Amino acid sequence: MSREEIPLSSPDITEAEIQAVVSVLRSGRLSIGPRLEAFEAAVAQQAGRKYGVGVNSGTSGLHLCVKALGIGEGDEVITTPFSFVATTNCLLFERAKPVFVDIDPDSYNMDAAAVEAAITPRTKAILPVEIFGNPAHFDEYERIAKTRSLLLIEDCCEALGAVLNGRQAGNFGDCGVFAFYPNKQITTGEGGLIVTDSREIRDLCISMRNQGRATETDSKDDPRRSESSGWLSHPRLGYNYRMSELSAAVGEVQISRLSELLQKRRRAAQMYDDALADVEGVHLPPMIERDTAAWFVYVIRLADSFTQDDRDAIISSLRRSGIGCREYFVPIHTQPYITELLGTKAGDFPTTERVAARTIALPFFADLSPDQVRQVKEALLEALGR
Ligand SMILES: *Cc1c(COP(=O)(O)O)cnc(C)c1O
């Protein structure tokens, strides 16, 4: 291979993040400390929320939100089959029932009319995802939740910095969850963060991320412990979902660079938009408010005349040319463990399946170069047989 391989994603880490980690190591305070509090405050502020609760992954954050909202066995939660499995798994952890609805082909987010139609007397919540960072329809989901008295958890794990009508991702509904795996807009290595305006949700999440330990709120309700810190008092079942100071320190620097990182990602997306606009049979990603968008990945979709096998052959060809790429996503309702558990099957959500069978995520990261975009286009044209 003469050309250098182009990865699917690549984190943008500077000397500042490295120094932040070194400082934490020198401080001796490696967990539950000031870096976490500062990072929580910064992310909450970004989302226009009162509180932030850092955890060790986006999945953990979603799980704690489900628990904090009291969603459990017998409750139906309307969600999208076109997402990463964590969106559904957090419901299964608590034996709640995911009720999938099909997506809108023009945004890849849940069709709002389909959400409304899926409501039953057992529906307790809506769990939408800004897929690929696209915040389309979130105002509609919020309106539906309000008028039908449903809870709303925003899986904004792909959408830090996304804006809909001037409102930030993470600002919709009862609570939202961001994630910081290395391919996200900002990274902490591994990590997640819950944002909310509710003191009650915040306190429950803080307690449950740390083995269900008592918080100030618990102590207030229990006169026996009014003086003690409650460190060894566990009023509820909890987990070890804590985020370390090392991760939080990286996150603090990363979020201070958010506008720079989003700007670089918009520039990368614009280069692809320009390069691929005239490639026949390729649909560009559906992103609203493109000038201010928070791109997570850049996912093209092949025209309906291509089959899933065609798409898979194109992915193989791109990989042979050293281009990192992937199908995004395999529909959740067709995953083996889901079909076994919920009885869903291929054919249930035709729009999701039609889109998912034809998507290709291209290499996408802040420092993508014009030359790399040219290489991707060349390899794509070759894979398409042109
Ligand atoms: C990244 C992501 C998550 C969380 O992933 P973790 O690996 O647990 O941090 C959840 N939902 C969606 C849609 C995601 O893209």
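Indexing begins at 1, ligand by ligand and atom by atom, following the structure's order. Just so we're clear, the structure is a prediction, and the values are computed from it rather than from any experiment.
Residue contact check: V129 has heavy atoms under 4.0 Å from atoms 13 (C) of ligand 1. The atoms of ligand 1 that sit less than 4.0 Å from any heavy atom of C157 are 2 (C), 3 (C), 4 (C), 10 (C), 11 (N), 12 (C), 14 (C). The distance from ligand 1 to the heavy atoms of G58 drops below 4.0 Å at these ligand atoms: 4 (C), 6 (P), 8 (O), 9 (O). Distances below 4.0 Å separate heavy atoms of K184 from the following atoms of ligand 1: 1 (C), 2 (C), 3 (C), 14 (C), 15 (O). Interface of A86 with ligand 1, defined as ligand atoms under 4.0 Å from a residue heavy atom, comprises 10 (C).
Here D218 does not pair with R213 in a salt bridge; the nearest charged N to carboxylate O distance is not below 4.0 Å. Using a cutoff of 4.0 Å between basic side-chain nitrogens and carboxylate oxygens, R358 and D312 are not scored as salt-bridged. The pair R386-E382 does not meet the salt-bridge criterion, since no charged nitrogen lies less than 4.0 angstrom from a carboxylate oxygen.
Distances from atom 7 (O) of ligand 1 to the heavy atoms of F180, F84, F82 put F84 nearest.
Annotation: E158 places an N or O atom under 3.5 Å from an N or O atom of ligand 1; distance criterion only. Annotation: S83 places no N or O atom under 3.5 Å from an N or O atom of ligand 1; distance criterion only.
Distance alone, capped at 3.5 Å, places no donor-acceptor pair between the R209 side chain and the Y239 backbone. Judged by distance alone, the side chain of Y141 and the main-chain N or O of M110 form a donor-acceptor pair under 3.5 Å.
Summarising the hydrophobic clusters (Ile, Leu, Val, Met, Phe, Trp, Tyr; side-chain heavy atoms under 4.5 Å, direct or chained), the residues clustered with Y337 are F82, F84, V85, L92, F100, I103, Y108, V129, I131, F132, F296, V297, V299, Y328, F329, I332, I338, L341, L342, F349, V355. The hydrophobic cluster around V330 extends to none of the other residues, as no ILVMFWY side-chain heavy atom falls under 4.5 Å of it.
If you look at T59 next to ligand 1, the close heavy atoms, those under 4.0 Å, come from the backbone and the side chain alike.
Here the heavy atom of the protein found nearest to atom 11 (N) of ligand 1 is D155 OD2, 2.9 Å.
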